[in-house]
Amino acid sequence: MITMKDIVREGNSVLTQVAEEVELPPTAEEKETLEEMLQFLKNSQDEEIAEKYELRAGVGLAAPQIGISKRMIAVHFQDFDENEYSYGLFNPKIISHSVAETFLSGGEGCLSVDREVPGYVPRYQKVTIKATDLEGNEVKIKLRGYAAIVFQHEIDHLNGVMFYDRINKQDPFAVPENAKPCD
Ligand SMILES: O=CN(O)C[C@@H](CC1CCCC1)C(=O)N1NCCC[C@H]1C(=O)Nc1ccccn1
Ligand code: NI
């Protein structure tokens, strides 16, 4: 079972490397790891389990965050319109995106970053993702708003990009001209 001690913290170079594509079909071990990542998110959002194992609630997790430099992500959350997203994905790729940007008005955090980093994190408002899911199916997922933000945060981890890399250095709360908050 994945717990917080398995989560790699900033300063570890695995978080700034570009992760390797997973050769398909995935090995049993890769499938097992991705299932464990998804289970961690579910556990972290279960009050009793989270308290018992001192888990920080998370809505997404990328394999580099558990020290595995492979292109695997898991997401488990409901967006503001109560759409549910629960995926384990291999080799996720943004195949198209809006010009318009969005951001979370409260900024972002990261389970691998044990500090607050204030500022808006501009991201595409809409993205279409192509990936292979845990059952081995190729999926194409259209996302907007909060869901788009979560998936982009995770895919950034696969490219060694941390959320604070995207915060405007001169003015962390500058709003890009074609951006509006998603919440
Ligand atoms: O790469 C993946 N990560 O670093 C885990 C992050 C991913 C999200 C950050 C912004 C978009 C995706 C994460 O989930 N968090 N960031 C730090 C602490 C809070 C936590 C969070 O937002 N929790 C949450 C939110 C709503 C409902 C339940 N829990
Ligand atoms: Ni993160």
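Atoms within each ligand, like the ligands themselves, are counted from 1 in listed order. Sequential numbering from 1 along the given sequence is applied to the chain's residues.
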S.K.: Is there any N or O on R56 that sits under 3.5 Å from an N or O of ligand 1?
M.R.: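 No: no nitrogen or oxygen of R56 is under 3.5 Å from one in ligand 1.
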S.K.: Are any of the N or O atoms of A57 closer than 3.5 Å to those of ligand 1?
M.R.: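 Yes, since at least one N or O of A57 sits under 3.5 Å from an N or O of ligand 1.
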S.K.: Got a sec: does the OH of Y53 have more than 12 other heavy atoms crowding it under 6.0 Å?
M.R.: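 12 or below, so no.
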S.K.: Do any nitrogen or oxygen atoms of L111 come within less than 3.5 Å of a nitrogen or oxygen of ligand 1?
M.R.: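 Yes.
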S.K.: From the N, O or S atoms in H153, identify the one nearest to the Ni ion (ligand 2).
M.R.: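 Looking at H153, the N, O or S atom with the least distance to the Ni ion (ligand 2) is NE2.
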S.K.: Looking only at side chains, do Q78 and E84 share a donor and an acceptor under 3.5 Å apart?
M.R.: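 Present: a donor and an acceptor within the cut-off.
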S.K.: Among protein heavy atoms, which sits nearest to atom 7 (C) of ligand 1, and what does the distance come to when rounded to 0.1 Å?
M.R.: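 Atom 7 (C) of ligand 1 sits closest to the protein heavy atom E154 OE2, 3.7 Å.
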S.K.: Determine, considering heavy atoms only, which of V59, D114, L61 sits nearest to atom 22 (O) of ligand 1.
M.R.: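 Going through V59, D114, L61 one by one, V59 has the nearest heavy atom to atom 22 (O) of ligand 1.
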S.K.: Establish, from distance only, whether the side-chain atoms of N159 and R71 form a donor-acceptor pair under 3.5 Å.
M.R.: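 Yes - a donor-acceptor pair under 3.5 Å links their side chains.
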S.K.: Show which atoms of ligand 1 fall inside a sub-4.0 Å distance from at least one heavy-atom site of G109.
M.R.: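 Reading through ligand 1 atom by atom, the close ones are 9 (C), 16 (N), 17 (C).
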S.K.: Atom 17 (C) of ligand 1: which protein heavy atom is closest, and how many Å away?
M.R.: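 Checked against all protein heavy atoms, atom 17 (C) of ligand 1 sits closest to C110 N, 3.4 Å.
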S.K.: Please confirm whether Q65 comes within less than 3.5 Å of ligand 1 when only nitrogen or oxygen atoms on both sides are compared.
M.R.: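 Min N/O separation from ligand 1 is below 3.5 Å for Q65.
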S.K.: May I ask you to check whether E108 has an N/O atom sitting below 3.5 Å from an N/O atom of ligand 1?
M.R.: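 Among all N and O atoms of E108, none is under 3.5 Å from an N or O of ligand 1.
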S.K.: Under 4.5 Å between side-chain heavy atoms, hopping through other hydrophobics if needed: is there a path connecting Y164 to L15?
M.R.: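 Yes, one cluster joins them.
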S.K.: Apply the test side chain to side chain contact (heavy atoms under 4.5 Å, CB included) to residues R123 and C182: give CA-CA distance (whole Å), side-chain angles for both, the deciding distance (0.1 Å), then the verdict.
M.R.: CA-CA 10 Å; R123 296 189 184 279; C182 95; over 6 Å; no
S.K.: Can you confirm whether the side chains of Q39 and N43 place a donor and an acceptor under 3.5 Å from each other?
M.R.: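 Yes, because at least one side-chain N or O of Q39 sits under 3.5 Å from a partner of the opposite role on N43.
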S.K.: Any link between F90 and L38 through a network of hydrophobic side chains (Ile, Leu, Val, Met, Phe, Trp, Tyr) touching at under 4.5 Å?
M.R.: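 Shared cluster, yes.
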S.K.: Could you tell me whether some N/O pair between H153 and ligand 1 is separated by less than 3.5 angstrom?
M.R.: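 Yes.
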S.K.: Please confirm whether G60 comes under 4.0 Å of ligand 1, counting heavy atoms of the residue only.
M.R.: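 So G60 counts as touching ligand 1.
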S.K.: Is a side-chain donor-acceptor pair under 3.5 Å present for S112 with E10?
M.R.: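 Their side chains do not contain a donor-acceptor pair, so the 3.5 Å distance test is not met.
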